[in-house]
Student: 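If you scroll down you'll find the structure; I have some questions about it.
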Amino acid sequence: MFDQTIFGARYSADGTTFRVWALGRNSVDLIIEGADGIAMSADGDGYFSICVRDIKPGTLYRISLDGAPPVPDIASRWQPEGSDGASVVVTDDYEWTDAEWRGLGRQDQIFYEIHIGTFTPEGTWRAAAERLPALKRLGITALQIMPIAAFKGDFGWGYDTTLPYAPFAPYGHPDDVRAFIDAAHGLEIGVILDVVYNHLGVGDYFGHYSDAYFTRRHDNEWGTAFNFDGEGARAVRDFIVGNAVYWIEGFHFDGLRIDAVQAMLDDSAEHIVAEITRSARAAAAPRAIYVMVENQPQQRMMIEPHEIGGCEVDGMMSDDFHHAAHVAMTGHNDFYYRDYLGTPQELASALKYGFLYQGQRSDMRSAAYGTYNLATSPEHFVHFLENHDQIANSARGFRLTTLASPARVRAMTALLLLGPQTPSLFQGQEFAASNPFLYFHHLEGEEGRMSADGRRQSLTNFPSVADPQMQAALPDPAARETFERSKLDWSEADGHIGMLTLHRDLIALRKHDAAFSQRTARRIDAAVIGDAALIVRYIVSDAADERLLLVNFGRDLSIGVLAEPLLAPPDRLRWRVSWSSEHPDYDGAGRRPIDPGAFWILPADCALVFRGEVPR
């Protein structure tokens, strides 16, 4: 099993052992607050260590390299004074109550993305734990926590990690993280963590330790990249793999969402993502974990088995489905949406094949995009309508319920939650949260100005945002107001009960109707039946259990005859509407009488589920 204690401070009753990797440095000193520096022993291959007796949890320390001013331990487990402050010795001892928890399987998960700082007004783990029963009632099976490793500033998204092992202090103590996960497991909810191994954030200290942490072999659009395949790469890989294992072992996380793996550049025989996945699974055993990747090239090798050179992850996020759905709901297809028309054919193909681009030309990239995935099982694709990126990648951070009609959002929600892929929701989506989710990162002075300028420049790819008046109105990422505006208002969950009920009912339908389960030996087929309408057939071994989903994103569609075999009822049965997105419980307009055996109308902006019944 991988040893995740190679780096950092390890407390035990016999003393605390400190160990760092600083290839190229001649001397390393441990600086205990209030005491003289202690020289650490050179262990070879760039490692330095020392064991000090009588060091208790809570002791503050820093590291001095070649006599330079002391800096935080880059493997610090706790930074209560911020990413620039002293590191603190902690113990991983915690009285867990989740011994019966078996972890997360690959199939039939419902993910829910959370940013701890904005999920509640308090922005803490303890406050977030109080909302877990509500997520249980909703039907969520797994939480995806946006990055929590320490970064510079008082607030931020977390993707600018500087100290990967230390939980961000404003959210709470490391034991608060454990208590949250323990409570989630008690409710049979898994928790996976978003981790960032493709670059380092502003204010990192890795260069103080060794230049060998960084690569010179590859260019990386995200910034400074880790050295996974050059001289000294073994120690760097151990640092990163050890970090993943630490979250799994030390905090009982149920898996990882690995950010932008296309920027984790590695020519090694075993790709770093494969090593992370393999090591994390070994660390969790016998508990099952779920590993998801964000991978813009949509590479099949991410899910292929280790034996044939794959990374063997469980799920890949599908921007394709989001982009097609976004255009279908809003009508806008500028910048990276321009490769999508939002047609029912795109939506049907996304449900059948997961990714829309599997090697054909992308106009936005002016190059081939994606890899072959026609035979990939649907549970490997994670589909979503909202996430942190796609809400905030706009001028004002509007959610879909601001951009599209409630009826159209309800219909598309049905397509998401009843589709064969693995669905994911973003915090507040289930009750139509009205507040924006903005990009925020608290940086001051020149760093803050550069961050705001970079954000402003990236958004000008959307023509409407290039308007000087809109440029002037863009929120300042460093302003606390931008952060506060992004916090959920949980009173809306009571005020928007219709949308909340819709999500609860659809998730319950997915869980309890075998036709919608990924565990059922079923297949789906889909076809276009109008300019803005499609039909999805769920085909199972017992025809009586088959289901039909019809979705219309356009005007009322008159159906007299339809030469489409997917509409044909199962043998000796007839179709009956069993669910409608326009039910009054969802604040809908009501369901008109429908008899598919006669002339009927598929209402505008509506989703209908049909099931077979014996004719009377």
Side-chain angles (χ1 to χ4, degrees), residues 1-7 21-24 43-47 74-75 106 164 195-200 206 209-249 255-285 289-317 355 358-359 368-373 375-376 380:
M1 181 178 294
F2 188 90
D3 182 6
Q4 50 90 356
T5 65
I6 292 176
F7 303 90
W21 186 70
L23 186 67
D43 300 333
D45 296 326
Y47 286 98
I74 54 174
R106 177 175 298 161
V195 290
V196 185
Y197 299 142
N198 51 57
H199 78 290
L200 288 163
F206 281 74
Y209 284 77
S210 177
D211 291 338
Y213 274 104
F214 311 124
T215 184
R216 296 171 182 82
R217 293 166 54 89
H218 307 283
D219 293 326
N220 183 350
E221 62 176 315
W222 294 97
T224 304
F226 284 112
N227 166 30
F228 294 128
D229 57 7
E231 182 180 358
R234 183 64 261 166
V236 180
R237 294 172 74 96
D238 286 345
F239 185 94
I240 295 300
V241 173
N243 180 252
V245 169
Y246 177 61
W247 294 120
I248 300 295
E249 284 188 340
L256 307 167
R257 183 264 191 192
I258 310 177
D259 183 66
V261 296
Q262 73 275 2
M264 295 172 65
L265 304 165
D266 182 13
D267 292 332
S268 304
E270 182 180 39
H271 194 279
I272 183 63
V273 174
E275 186 173 353
I276 290 170
T277 303
R278 177 174 54 78
S279 300
R281 292 198 198 288
I289 63 170
Y290 188 102
V291 180
M292 177 196 312
V293 294
E294 179 189 35
N295 175 235
Q296 287 186 4
Q298 305 184 159
Q299 298 162 296
R300 189 177 68 258
M301 59 90 68
M302 285 291 148
I303 62 165
E304 288 180 333
H306 291 301
E307 300 81 63
I308 61 172
C311 296
E312 208 165 308
V313 306
D314 297 287
M316 297 184 285
M317 301 185 69
F355 291 141
Q358 302 198 11
Y369 178 52
T371 62
Y372 178 86
N373 272 286
T376 301
H380 288 295

Student: Sub-3.5 Å donor-acceptor pair from the side chain of Thr371 to the main-chain atoms of Met301, do we have one?
Tutor: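 Checked: no pair found.
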Student: Taking Trp21 for its side chain and Tyr209 for its backbone only, find out whether a donor-acceptor pair lies under 3.5 Å.
Tutor: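 Answer holds: no.
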Student: Just how far is it from atom CZ of Arg106 to atom CE of Met292, taken to the nearest 0.5 Å?
Tutor: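 Spacing of CZ (Arg106) from CE (Met292) equals 12.5 Å.
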Student: Nearest 0.5 Å please: distance from the CG atom of Leu23 over to the CG atom of Asn227.
Tutor: 10.0 Å
Student: Taking NZ, NE, NH1 and NH2 as the nitrogens, is one of them in Asp266 or Arg237 under 4.0 Å from a carboxylate oxygen of the other?
Tutor: yes
Student: Apply side-chain contact (heavy atoms from CB on, under 4.5 Å) to residues Gln358 and Gln298 and explain how you reach the verdict.
Tutor: CA-CA 8 Å; Gln358 302 198 11; Gln298 305 184 159; 5.8 Å; no
Student: Do Thr215 and Leu265 pass the side-chain contact (heavy atoms from CB on, under 4.5 Å) test, and can you show the C-alpha distance, the side-chain angles, and the key distance before you say yes or no?
Tutor: CA-CA 9 Å; Thr215 184; Leu265 304 165; 5.9 Å; no
Student: Among residues at least two apart in sequence or on other chains, which ones pass side-chain hydrogen bond (donor to acceptor under 3.5 Å, both in side chains) with Asp43?
Tutor: Ser49
Student: How close do Met302 and Val273 get, heavy atom to heavy atom, and via which atoms?
Tutor: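 Residues Met302 and Val273, closest heavy atoms: SD-CG1, 4.1 Å.
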Student: Under the side-chain contact (heavy atoms from CB on, under 4.5 Å) criterion, do Asn243 and Phe7 qualify, and how do the steps go?
Tutor: CA-CA 9 Å; Asn243 180 252; Phe7 303 90; over 6 Å; no
Student: Side-chain atoms of residues 306-313: list all donor-acceptor pairs with protein atoms under 3.5 Å, sequence neighbours left out, distances to 0.1 Å.
Tutor:
residue : atom : partner : partner atom : Å
His306  : ND1  : Gly310  : O            : 3.4
Glu312  : OE1  : His306  : N            : 2.8

Student: Between Ile276 and Met264, what is the shortest heavy-atom contact and its length?
Tutor: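 That would be CD1-CE, 4.0 Å.
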Student: So, Asn198 side chain and Val261 main chain: donor-acceptor pair closer than 3.5 Å or not?
Tutor: no
Student: Less than 3.5 Å apart, any donor N or O on the side chain of Asp229 or His218 sitting next to an acceptor on the other?
Tutor: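 Their side chains do contain a donor-acceptor pair, which is all the 3.5 Å distance test asks for.
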Student: Of the non-hydrogen atoms in Gly359 and Ala368, which two are nearest, and what is the gap between them?
Tutor: O-CB, 3.4 Å
Student: What distance do Glu275 atom CD and Asp238 atom CG have between them, rounded to the nearest 0.5 Å?
Tutor: 7.0 Å
Student: Checking the side chain of Arg281 only, and the main-chain atoms of Ile289 only, is there a donor and an acceptor separated by less than 3.5 Å?
Tutor: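 Here the side-chain-to-backbone pair exists.
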Student: Decide if atom CG of Asp267 counts as having more than 12 heavy atoms of other residues, nucleotides or ligands within a radius under 6.0 Å.
Tutor: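 Atom CG in Asp267 is packed in, count exceeds 12.
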Student: Would you please indicate yes or no on a ring centroid separation below 6.0 angstrom for Phe206 and Phe239?
Tutor: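 Judged by ring-centre distance (under 6.0 Å), Phe239 and Phe206 do meet the cut-off.
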Student: Is it the case that the side chain of Tyr197 and the backbone of Val241 share a donor-acceptor pair, with hydrogens and angles ignored and the cut-off at 3.5 Å?
Tutor: no
Student: Nearest 0.5 angstrom please: Thr277 OG1 to Glu270 CD, how far?
Tutor: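 Here the interatomic distance stands at 9.0 Å.
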Student: As an exercise, state the distance from CD1 of Ile240 to CD1 of Ile272, rounded to the nearest 0.5 Å.
Tutor: 7.0 Å
Student: Measure across Ile248 and Ala284 and return the closest heavy-atom pair with its distance rounded to 0.1 Å.
Tutor: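 Closest pair (atom of Ile248, atom of Ala284, distance): CG2-CB, 3.7 Å.
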Student: Working to the nearest 0.5 Å, report the span between CD1 of Ile74 and OH of Tyr213.
Tutor: 3.5 Å
Student: Show, in sequence, the C-alpha distance, side-chain angles and deciding distance for Phe226 and Leu200, and conclude whether the side-chain contact (heavy atoms from CB on, under 4.5 Å) test is met.
Tutor: CA-CA 8 Å; Phe226 284 112; Leu200 288 163; 3.5 Å; yes
